[in-house]
Number of protein chains: 2
Amino acid sequence: MMTARTRGHLANDSWEALLTAHAVLMKRFAAAPIWDEVSMREYDVLYTLSKHEGPIRLGELNRSVLLSQPALSRLVERLADRGLVERAPDPADGRGVRLALTEAGREQQRRTGRRHAADVTREVGAALTEDEMRQLEALTSKLAGSTVHREIEEAAT
Amino acid sequence: MMTARTRGHLANDSWEALLTAHAVLMKRFAAAPIWDEVSMREYDVLYTLSKHEGPIRLGELNRSVLLSQPALSRLVERLADRGLVERAPDPADGRGVRLALTEAGREQQRRTGRRHAADVTREVGAALTEDEMRQLEALTSKLAGSTVHREIEEAAT
DNA sequence: TTGAGGTAGATGCAAACGCATGAACATCGG
DNA sequence: CCGATGTTCATGCGTTTGCATCTACCTCAA
């Protein structure tokens with residue numbers, strides 16, 4: 001007999017499946033011998049910076065990176081000390097900091113990115129067809145894009 | 001004009017979309033005021049234990065939890081100290097440890113789980129239709145299940 | 001049976017993290 | 001213009017993490 005799952009069950013089951021996929025693949029990627037120059041978290045920051053043209057703010061960066069604001073602040077500080085990231089005061093806002101990759105940072109991102117992308121291609125490529133990849137991209141994009149946000153904030157008031 | 005993405009590009013784009021969705025939703029869930037008793041990571045462990053009938057080994061638990069073995073070992077130790085997890089020597093293997101929720105741990109998991117599930121239902125439910133949830137679950141399950149593993153290990157030799 | 005090699009989990013220690021808070025600047029009503 | 005309030009990032013501090021290593025135990029061949 002086929003028991004019907006409620007909408008809530010479906011939501012939780014799909015989220016759990018996503019979490020599992022994330023954990024499993026992250027473990028495999030972490031096991032790859034390519035993180036000797038920059039750690040995965042550092043790469044995450046370099047990659048996010050590489051996707052933007054000009055400099056971005058720390059707060060903006062922090063929306064993509066799963067770290068607390070202080071932790072990200074210090075991670076960026078370390079990357080700046082290593083000459084991979086440029087930190088400049090924001091002329092438009094004295095509190096803000098404008099972050100951008102240095103040339104060395106860009107090269108580092110490309111080097112690590114090339115190696116990591118090969119792993120991603122192999123793992124994802126082995127599991128899904130091209131159509132499925134497109135579907136997964138569409139679904140996860142939709143999931144990230146949606147904004148119930150307002151309601152949460154209001155409820156917390 | 002519609003430029004064709006290679007298989008590698010598709011794989012990487014879909015993985016990136018999954019990562020983004022993961023980060024965005026995790027941030028929202030983390031912001032919920034329900035982690036006063038157990039942290040998200042602790043809940044992850046409690047939840048994983050709750051999904052298993054009998055006790056499981058630390059190593060097995062570590063395959064689901066995105067933490068190093070020592071970090072997980074100590075996290076479990078803290079949970080044991082708080083009376084939420086039971087640690088017993090494995091009679092079949094003197095090196096191993098058998099982990100299981102205590103009654104208090106099970107209650108804690110249920111309490112936090114109920115509250116967290118509501119958030120998941122709201123966020124995922126607001127973004128996807130039921131069909132899409134089913135598709136997402138199917139795709140991510142397939143992604144996690146696939147095993148190119150052997151090749152990686154051999155390549156590292 | 002024994003010893004070499006492998007595996008499971010614990011531990012020392014430095015690095016990194018989160019929480020609370022501080023300092024500096026922005027914004028806006030009066 | 002000014003003070004109150006909000007925002008952005010940095011810093012102090014206790015906790016947690018990862019890496020390297022250790023101990024205890026298992027496996028298996030000689």
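Below, chains carry the letters A, B, ... as their sequence lines are ordered, and counting in each starts from 1.
The shortest distance between the side-chain N/O atoms of B:Arg41 and the OP1/OP2 oxygens of D:dT17 is below 4.0 Å.
Straight-line distance from the CZ atom of A:Arg78 to the C1' atom of D:dT11: 14 Å, rounded to whole Å. D:dT8 atom C1' lies 15 Å from atom CD1 of A:Ile56, rounded to whole Å. Look at CG on B:Leu72: it is 14 Å from P on C:dT11, rounded to the nearest Å. Rounded to an integer number of Å, the gap from A:Leu75 CG to D:dT11 P is 15 Å. Rounded to whole Å, the distance from CG on A:Leu58 to C1' on D:dT7 is 13 Å. Here the P atom of nucleotide C:dA15 and the CG atom of A:Asp81 are 14 Å apart, to the nearest Å. Distance, A:Glu77 CD to C:dA16 C1': 12 Å, rounded to whole Å. When the P atom of D:dC26 is taken as reference, atom CZ of B:Arg57 falls 10 Å away, rounded to whole Å.
Electrostatic pairing of B:Arg115 and B:Asp36 counts as a salt bridge here, judged by a charged N lying under 4.0 Å from a carboxylate O. Electrostatic pairing of A:Arg28 and A:Asp119 does not count as a salt bridge here, judged by no charged N lying under 4.0 Å from a carboxylate O.
Nearest heavy atom pair, residue B:Ser14 against residue A:Met133, reads CB-O, 3.4 Å.
Across C:dG18, D:dA10, D:dT16, the shortest atom-to-atom separation from the side chain of A:Ser68 is found for C:dG18.
Between the side chain of A:Arg74 and the base of C:dG18, at least one donor-acceptor pair of N or O atoms lies under 3.5 Å. You'll find a donor-acceptor pair under 3.5 Å spanning the side chain of B:Gln69 and the base of C:dA10, going by distance alone.
Counting any heavy atom pair closer than 4.0 Å across all strands shown, B:Arg87 reaches sugar-phosphate atoms only and no base atom. Among the atoms of the strands shown, none is found under 4.0 Å from any heavy atom of A:Asp90.
Between B:His116 and B:Phe29, the ring planes lie perpendicular to each other; the angle is over 60°, past the 30° to 60° tilted range.
Position along DNA chain D of the nearest nucleotide to A:Ala71 versus B:Glu42 favours A:Ala71 as the more 5'-ward residue. Both A:Pro91 and A:Leu67 sit near DNA chain C, but only A:Leu67 has its closest nucleotide nearer the 5' end. Where A:Asp93 and B:Arg95 each meet DNA chain D at their nearest nucleotide, the meeting point lying more 5' is that of A:Asp93.
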| query | B:Gln108 and B:Thr112: side chain to side chain donor-acceptor pair (under 3.5 Å), yes or no, with the steps? | reply | CA-CA 6 Å; B:Gln108 178 67 67; B:Thr112 304; 2.8 Å; yes
